[in-house]
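What follows is a single structure, written as structure tokens, with notes after it.
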Amino acid sequence: MKRAEIPNLLTAMRLVMTVGVLGCLELAERPSHSLWVWVALGLFVVAALTDALDGYLARRWDVVSRFGRIVDPLADKLLILATAGYLAASSSYDTGVTAWMLAVLLIRELLVTGLRGVVESSGGDFSARWSGKWKMILQSVAIPWAMLGMGLDPEGVSPGWFFVVRDGLLIAMAIITLVSGWAYVSGAARMLRASDQAG
């Protein structure tokens, strides 16, 4: 295998692992099948790690490709949004993920994706910002933490620091998602305004 193909392979693997996470969460909804939560958690963690690894290797080896530039952020969004959607809709577990949190995640991604297409089609630079990177990091911590809680206490009846931390992480995830979205929206508005004035 050529070195240039490895980052793209990791991205493709993340898509496959996302399907695996969802399948395991579906199986975990059945009575006496909570073991699948742990499998889903393991797959999610590995998939999230490939997100950091494929970008690092692509930059280090200078093999950034059109496939990676398009599919890598799509794979990230699918992993986060699909998993959060399953957790919010779970009828068998207290996951801590609520409908409003899922709405924040979804609206932010739709807005940013749409704006990226408009800005880049007009020749602007819509590269990832640090707020976007921190958003992904916090999402990659908060969601598996919630899944860990599903495995440790399926009914979420045990009070204590673990679930306080879980809820704090999930709320912080929603807040940084909002902040990140605003940073992209305001930046896109400035670039489009400048483009209109130049034209």
For the residue pair [X] and [Y], establish whether any side-chain heavy-atom pair is separated by less than 4.5 Å.
X	Y	answer
L15	V71	yes
L43	C24	yes
L148	F162	yes
Q139	I176	no
V97	L170	yes
L105	W100	no

Margin query: Atom CH2 of residue position W36 - does it have more than 12 heavy atoms of other residues, nucleotides or ligands inside 6.0 Å?
Written below: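 No.
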Taking side chain to side chain contact (heavy atoms under 4.5 Å, CB included) as the definition, give me every residue that meets it alongside [X], ordered by chain and number, with sequence neighbours left out.
X	answer
V141	L169
P144	L41, F44, V45
I137	W134

Notebook entry, point to check: Which value, rounded to the nearest 0.5 Å, describes the distance between L79 atom CG and L22 atom CG?
Noted result: 8.5 Å
Which heavy atom of [X] sits nearest to which heavy atom of [Y], and what is that distance?
X	Y	value
G151	V37	N-CG1, 3.8 Å
T95	A88	OG1-N, 4.4 Å
D94	R166	O-NH1, 3.0 Å

Check: Under 3.5 Å, is there a donor-acceptor pair linking the side chains of R108 and T177?
Finding: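 No - no donor-acceptor pair under 3.5 Å links their side chains.
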Checklist line | Side-chain donor-acceptor pair present, E26, Y86, cut-off under 3.5 Å | finding: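 Side chains of E26 and Y86: pair found under 3.5 Å.
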Note to self: Hydrophobic clusters here meaning ILVMFWY residues chained together by side-chain heavy-atom distances under 4.5 Å, can you tell me if V164 and Y93 are in one?
What the structure shows: no
Notebook entry, point to check: Can any side-chain N or O of W61 pair as donor or acceptor with the backbone N or O of P7 at less than 3.5 Å?
Noted result: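 Such a contact is absent between W61 side chain and P7 backbone.
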Checklist line | Exam field: side chain T50 to backbone A47, donor-acceptor pair closer than 3.5 Å | finding: yes
Checklist line | Option among D72, L10, I80 that satisfies the side chain to side chain contact (heavy atoms under 4.5 Å, CB included) test with D51 | finding: D72
